[in-house]
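A, B, ... follow the sequence lines: proteins, then strands. Residue 1 opens every chain. Worth saying up front: this structure is predicted, and the values here are computed from it rather than measured.
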Amino acid sequence: MEEYLQPIFSEVVGTVAPEFSGAIQFETPQNPDHGDLSTNIAMLLAKELKKAPRILANEIVEKLRKDSEVIEGVEIAGPGFINIRFSRKYFQDALGAILSLGNAYGHSRKYEGMMTNLEWVSANPTGNLHAGHGRQVCLGAAIANLLEWTGYKVIREYYFNNAGNQMRNLARSTQVRYLQELGQEISLPEEGYHGAEIIGIAKELVLKFGDSLQNAEQSDFQKFAEEANFLRIKNTLTRLGIHHDIYFNENTLYESGAIEKIIAELKEKDLAYEKDGAVWLKLSEMGQEQDRVIVKSTGEPTYRLPDICYHKDKLSRGYDLVIDIFGADHIATIPDVLAALKALGFDSGKVKVVIHQMVTFLSGTEVIKFSKRSGSNYLLDELIDDVGADATKFFFNMRAVGSHLEFDVELAKEQSEKNPVYYVQYAHARIASILRFAQQQEINIQMLTKADLTVLVHPEEISLIKILHRFPSLILQTAEAFAPHHICEYLRQVAAQFHKFYHDCRMVGQPEPVQSARLALALATKQVLASGCSILGVTAPESM
RNA sequence: GUGCCCGUAGCUCAGUUGGAUAGAGCAUCAGCCUUCUAAGCUGAGGGUCGUUGGUUCGAGUCCAACCGGGCACACCA
C-alpha cells in the first residue's frame, strides 16, 4: 500500500512544498474508521508553510493523481490527517499475489547478497543447558530465521568456551566425582560444579574405563567432560530443531597464536600497558570508565582478551553484520569489547548486540527456583519434557527482549484455549481439516489459486486479507528490530481473524465462485500461519 | 554508589519512526454447536499509562528529576 502511495504523494508534496526533503510517513491507524493508511504530512508542512494544516491537506488531496480502481477514498480528518482507503479490488488482487507466490510469500530481497554471522547459545560446556538458557536459544534461532527471510545469508555460530579457569574447574570436579565413584573419600571443592550431570559423566567413565583413570591427568578429565557436556547440549538443541554452522573453539585462539598477536598489537598501538605485573587495556582512553586487566599477573588472560580477539576474528571474516545474543547478566562485557575493536580500527557499528532480560519460571503462581551451584537446576531438557518443543519456542519468543519474561510452565503445558500456542496451531489444523473435507467433496485444491476472488466482499473476508497483506512488511520490520515477539502477536491476530471469518462465512457448499474464493482465502491463511510458525520453529499441525 | 533494562486493566504483556476515543490474552459475568474441527465465536465490566515538571499543534512514546523492581559493576567467565 505504502509503495503505491509514496510516489503519488511525493509528486504533490514536491509542488506544494519544494523544499521538503525526506520520506512521507504513512501509518496504519489504530481505528479502522480512519482508513487503511494515514499520513500526517500536512501537519508537518503546516508550520514552515505557515498554512492551516487542514487547508494544506485539502490542497494536497485535490492535486493527488490517484487511480480510483485502487484508492476508494481519501479523507481529511481531525487536526489534518489524510486518511486513505484502498478498494476491495486492491485487496482481492493482493490475495491473488499471495496465492501465486505460495511459499515465497513474505520473503524479501532487501538484504540479498549480504551475509551475517549470528552467534548465540555459547554456553560453557560445564554442564547441561538450563531452562534459563532457553530464552537465548529460542530467540537466536528465531532471529536467524527472520534474517534469512529478508535475504541475508546467515551463518549460525556457537562460541565454544573451552579455555580458562572454568574448564580446569570442570576437569577437577569430574576427577573428584570419578574418584568418588571408585569409593575414595574425597570432597568436591567449594567452587566446583555440583550438578548431577558431572556425576553422570563420572559413572560413564567408570563403566568405560573402570579404575584405569585413577592416575590420569586432569586434562584427560577435561576432555571427557567437555565432550560429554557438549554432546548433551547439542542433543538438547537438536530437540528444538536448532543447529549451528560453525562451532568456534576458544582454545584455537590460543593455539593459533592470535591471543599473543593481539596483545602485541594492542601494546604497539599504545592501547595497552603493563602495570603491577599485569597487562591493562586503556579503556579510559576509549570512552570507557576505567582501564581493565586483560592479562593477569599470573600470565593468564581475563575473559576480555579472548572476547576481543574472537570478535576481531569474526569481523575479519567479512560479514556485513555480526550479531551477538546475550543475557542481561553479560551486559558489562560488551561496551569494553566494542570500544577495543573500534580502537583497533574495526567498524564496531557492524556488531549488533541483542540483550535479553532474565526469565522467571512459574508453576501457576509459584516461582520455580533453580541454582547451578546446588545442582538442583531446572534443565532446558526438563522444560521441553514438560511443555513440548513448540510451546518452549513460542513462549520464549512471546515477549519483547527488553522485558523480563515470566514463563508459566503450567500454562504452557496446558492443551487448551488458554494457551496461545494451541490457539495458533488450532487455526492451522482447522484449515487443513476444511481443505481435506473440501477434497472429499471433489473440490480441486490445486485450482484454488486461480479462483475468481472478486466475490470476496464480506467485511470479515476483507479484514482477513488485510492482515495477510501485512505479512511481508511485518517480517522486515521484525527482522530489522531483532524482535520476533511481533511474529507471535501477529500469528495470534491471523488466527483470531480466521476464526471470525470461519464463523461468519461458510466455505464448502457455497455456490461457485464463492466456494472456491473462500477456500482460496483459507489456503492463503494456512500458508501465512505455516510461514510464521516456521520462523519461530514451531510446527504447524495438519490436525489436532 | 555507577551503568543497562523495566514500571500500561485483578494477572501476564502489546503499543511501529511522537498521532485521532490507550489494546490483547487470561481471570470474572452473560450468550452461541442437527451443517466445513466449540482447542472456536459474540457481548459486558475493568485504566490517574509509577510520580512531578519540561519539549509541541499533539506525549504511554522524547528530555530531566524523583519513587519502585530486575541485572551487572574482579588480576571470575
Side-chain angles (χ1 to χ4, degrees), chain A residues 23 25 27-31 33-34 38 40 43-44 46-47 52-53 77-81 83 124 126 161 163-167 169 191 250 275-280 289-290 292-298 300-304 306-307 327-335 355-358 360 362 365 398-408 411 414-423 425-427 429-438 440-441 473-474 477-478 481 483 485-486 488-489 492-493 495-496 498-500 502-504 506-510 515 518-519 522 543-544:
Chain A
Q25 305 288 337
E27 62 173 26
T28 310
Q30 283 180 20
N31 186 339
D33 292 343
H34 296 148
S38 173
N40 61 356
M43 279 133 86
L44 290 179
K47 203 171 191 181
F81 291 106
N83 295 337
N124 293 347
T126 53
N161 205 308
N165 249 335
Q166 299 214 359
M167 297 311 292
N169 195 352
E191 67 283 359
E250 183 186 359
K275 191 183 104 185
D276 305 332
V279 181
W280 296 68
E289 262 195 30
Q290 52 179 297
R292 300 281 183 185
V293 169
I294 48 173
V295 183
K296 293 186 259 179
S297 51
T298 59
E300 186 170 356
T302 66
Y303 67 90
R304 268 169 242 268
D307 271 10
D329 51 345
H330 283 76
I331 197 167
T333 83
I334 297 153
I355 295 160
H356 66 83
Q357 295 299 306
M358 308 317 275
T360 306
L362 301 172
T365 52
M398 217 161 42
R399 303 298 180 215
V401 294
S403 291
H404 190 95
L405 174 66
E406 292 212 348
F407 194 122
D408 186 341
L411 175 63
E414 203 165 329
Q415 306 209 357
S416 77
E417 76 283 358
K418 293 177 196 169
N419 190 333
V421 188
Y422 290 101
Y423 185 78
Q425 290 186 322
Y426 178 68
R430 199 179 210 185
I431 297 171
S433 164
I434 293 161
L435 293 174
R436 277 195 301 273
F437 181 81
Q440 284 164 23
Q441 313 298 310
S473 62
L474 176 98
Q477 187 187 326
T478 301
H485 73 282
H486 291 303
C488 294
E489 174 57 20
R492 215 196 48 71
Q493 282 178 27
F498 175 77
H499 290 313
K500 284 185 197 178
Y502 171 86
H503 189 263
D504 284 14
R506 206 186 152 78
M507 288 163 256
V508 179
Q510 292 293 301
Q515 172 176 265
R518 286 181 174 171
L519 284 169
S543 69
M544 282 171 77

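- Nearest approach of Ser38(A) to Phe81(A), heavy atoms of both residues: OG-CD2, 3.8 Å.
- Contacts of Ala332(A) with the nucleic acid, taken as non-hydrogen atoms under 4.0 Å apart, involve only primed sugar atoms and P, OP1 or OP2.
- Comparing C36(B), C75(B), G19(B) by their closest approach to the side chain of Val293(A) singles out C75(B).
- Of the candidates C36(B), A72(B), A14(B), the closest approach to any side-chain atom of Ile331(A) belongs to A72(B).
- Residue Gly402(A) is in sugar-phosphate contact alone, with no base atom involved, counting any heavy-atom pair closer than 4.0 Å across all strands shown.
- Listed for the Asp276(A) side chain is no donor-acceptor partner under 3.5 Å among the backbone atoms of Ala278(A).
- Taking only side-chain atoms of Arg506(A), from C-beta outward, the nucleotide of A77(B), C36(B), G40(B) with the closest atom is C36(B).
- The base of U12(B) lies outside donor-acceptor range of the side chain of Glu406(A), with no N or O pair under 3.5 Å.
- Using a 4.0 Å heavy-atom distance criterion, Asp329(A) is classed as a sugar-phosphate-only contact.
- We find that NE2 of His499(A) is positioned 8 Å from C1' of A39(B), with the value rounded to whole Å.
- G10(B) and C4(B) have their P atoms separated by 31 Å, given to the nearest Å.
- Side-chain N/O atoms of Ser403(A) and base N/O atoms of C6(B) include no donor-acceptor pair closer than 3.5 Å.
- Taking the C1' atom of each, A14(B) and G60(B) are spaced 12 Å apart, rounded to whole Å.
- For RNA chain B, each stem of at least three Watson-Crick or G-U pairs (distances under 3.5 Å) is given as range with range: B:1-7 with B:67-73, B:10-13 with B:23-26, B:28-32 with B:40-44, B:50-54 with B:62-66.
- Comparing A65(B) with U55(B), their C1' atoms are spaced 15 Å from each other, to the whole Å.
- With hydrogens and angles ignored, no donor-acceptor pair under 3.5 angstrom links the side chain of Asn169(A) to the base of A77(B).
- Base orientation for C4(B): anti, the chi torsion being more than 90° from 0.
- Residue ring and nucleobase are stacked for Phe81(A) and A20(B), with a centre distance beneath 5.5 angstrom and an angle between planes beneath 30°.
- Comparing atom distances between the His404(A) side chain and each of G15(B), C76(B), G70(B) picks out G70(B) as nearest.
- Asn83(A) comes within 4.0 angstrom of a base, heavy atoms only.
- A donor-acceptor pair under 3.5 Å links the side-chain atoms of Asn419(A) to the main chain of Leu411(A), judged by distance alone.
- When distances run from any side-chain atom of Gln357(A) to the nucleotides C5(B), C41(B), C36(B), the shortest one goes to C5(B).
- Using a 4.0 Å heavy-atom cutoff across all strands shown, Asp276(A) reaches at least one base atom of the nucleic acid.
- Ile434(A) has its CD1 atom 14 Å from the C1' atom of A39(B), to the nearest Å.
- Distance alone, capped at 3.5 Å, places no donor-acceptor pair between the Gln515(A) side chain and the Val508(A) backbone.
- Applying the 3.5 Å distance criterion, the base of A20(B) shares a donor-acceptor pair with the side chain of Ser38(A).
- A20(B) and A59(B): their C1' atoms are spaced 14 Å apart (whole Å).
- With sequence neighbours excluded, the residues forming a side chain to side chain donor-acceptor pair (under 3.5 Å) with Thr360(A) are His404(A), listed by chain and number.
- Here the P atom of nucleotide A77(B) and the CD1 atom of Ile334(A) are 17 Å apart, to the nearest Å.
- Spacing between A30(B) and G46(B) at atom C1', rounded to whole Å, works out to 16 Å.
- A20(B) has its base stacked against the ring of His34(A), the centroids being under 5.5 angstrom apart at an interplanar angle below 30°.
- Using a 4.0 Å heavy-atom criterion, one finds that Glu27(A) contacts the bases of the nucleic acid, with or without backbone contacts as well.
- Summarising the geometry of Met507(A) relative to Ala522(A), their closest heavy-atom pair is SD-CB, 3.9 Å, with the distance given to 0.1 Å.
- Comparing Ser433(A) and Trp280(A) by the nucleotide of RNA chain B whose heavy atom lies nearest to each, the residue mapping closer to the 5' end is Ser433(A).
- Contact annotation for Tyr502(A): base contact, defined as any heavy-atom pair under 4.0 Å involving a base atom.
- Note on Glu289(A): only backbone sugar-phosphate atoms sit closer than 4.0 angstrom, heavy atoms only; bases stay farther off.
- Scanning atom types as modelled, one donor and one acceptor separated by under 3.5 angstrom connect the side chain of Tyr303(A) and the base of A77(B).
- Here, G47(B) and C41(B) have their P atoms 25 Å apart, quoted to the whole Å.
- Atom name C1', nucleotides G68(B) and U51(B): the rounded distance is 11 Å, in whole Å.
- Taking atom P on both U61(B) and G19(B), the two are 10 Å apart, rounded to the nearest angstrom.
- For Ala77(A) and Ala328(A), each mapped to the nucleotide of RNA chain B holding its nearest heavy atom, the one lying further toward the 5' end belongs to Ala77(A).
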